[in-house]
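For clarity, every value in this text was computed on a predicted model and none was experimentally measured. Hydrogens, waters and symmetry mates are skipped; everything else that's a heavy atom, side chains included, is used.
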Amino acid sequence: QLYVKDVSFEAPGVPGILFGHEQPELLFDVANTYELCADASVRLGDVYSVLVRITVQARAGDKTLFLIEVEQGVLFEVAGCSDEERDRLLRTRGAEALYPYARELVSSLVSRAGFPRLQLRAINFESRYSAAMREHHEASRAALQA
């Protein structure tokens, strides 16, 4: 089940900022999380809510052209895997399933507000997860050696 949990769009200087500003700087952040969905799990088994949160801010000098925050979610039923396999599955495959929808929502909001088209870059959630796990293991080793 795909859903939108939250959408926020702010363009404080519209319409004056639509023309005559310098090339904007884009600040972009994406995060993904998951949690057991207790209500659905009672009826269906282990159902998890996976969320992808995208934040995009466009600035020109000291002016914010727009600020967007989108939380796109999906419910996944997961069975028959270890905790580690489940974590990897939900943080990678779950996010990969959601990101195109969240990306399209951001693009649509930007266009509908009168700004030039914005296409966010693709993200490899598998490599992000692997890098985060490497950092976690290295930090754990360093803490044990200290």
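- Annotation: side chain of Val56 is in contact with side chain of Leu26 (closest heavy-atom distance under 4.5 Å).
- Rounded to the nearest 0.5 angstrom, Arg134 CZ and Ser127 OG are separated by 8.5 Å.
- Scanning for salt bridge (charged side-chain N to carboxylate O under 4.0 Å, His left out) contacts around Asp83 gives Arg86, with sequence neighbours left out.
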Would Val52 and Val30 count as a side-chain contact (heavy atoms from CB on, under 4.5 Å) here? Give the steps.
CA-CA 7 Å; Val52 168; Val30 63; 3.8 Å; yes

Determine, step by step, whether Leu67 and Thr55 satisfy the side-chain contact (heavy atoms from CB on, under 4.5 Å) criterion, reporting the C-alpha distance in whole Å, the side-chain angles of both residues, the deciding distance to 0.1 Å, and the verdict.
CA-CA 7 Å; Leu67 174 63; Thr55 304; 4.0 Å; yes

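- Ser108 contributes atom OG, which lies 10.5 Å from atom CZ of Arg117 (distance to the nearest 0.5 angstrom).
- Placement of Val78 and Tyr129 in two distinct hydrophobic clusters is found when ILVMFWY residues are connected by side-chain heavy-atom separations under 4.5 Å, directly or transitively.
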Please step through side-chain contact (heavy atoms from CB on, under 4.5 Å) for the pair Val106 and Phe9, ending with a clear verdict.
CA-CA 9 Å; Val106 167; Phe9 181 91; over 6 Å; no

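- Of the residues Arg59, Gln57, Glu10, the one that meets the side-chain hydrogen bond (donor to acceptor under 3.5 Å, both in side chains) test with Thr64 is Gln57.
- Using a 4.5 Å cut-off between side-chain heavy atoms of Ile, Leu, Val, Met, Phe, Trp and Tyr, with links allowed through other members, Val4 and Leu109 fall into the same hydrophobic cluster.
- Contact detail for Ala102 and Ile54: the closest heavy-atom pair is CB-CD1, 3.5 Å.
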Tell me which donor-acceptor pairs under 3.5 Å the side chains of residues 88-100 have, and how far apart each pair is, sequence neighbours excluded?
residue	atom	partner	partner atom	Å
Arg88	NE	Glu126	OE2	2.8
Arg88	NH2	Glu126	OE2	2.5
Arg88	NH2	Ser130	OG	3.1
Arg91	NE	Asp87	OD1	2.9
Thr92	OG1	Arg88	O	2.5
Arg93	NH1	Glu96	OE1	3.0
Arg93	NH1	Glu96	OE2	3.3
Tyr99	OH	Arg121	O	2.6

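- Within a 6.0 Å sphere centred on CD of Gln119, other residues, nucleotides and ligands contribute more than 12 heavy atoms.
- Around atom CD of Glu138, more than 12 heavy atoms belonging to other residues, nucleotides or ligands sit under 6.0 Å away.
- In the hydrophobic cluster analysis, where Ile, Leu, Val, Met, Phe, Trp and Tyr join through side-chain heavy atoms closer than 4.5 angstrom, Phe115 is grouped together with Phe28.
- In this structure, the side chain of Ser107 engages the main chain of Leu118 through a donor-acceptor pair within 3.5 Å.
- Proximity of a side-chain donor or acceptor of Gln72 to a complementary backbone N or O of Tyr3 within less than 3.5 Å is detected.
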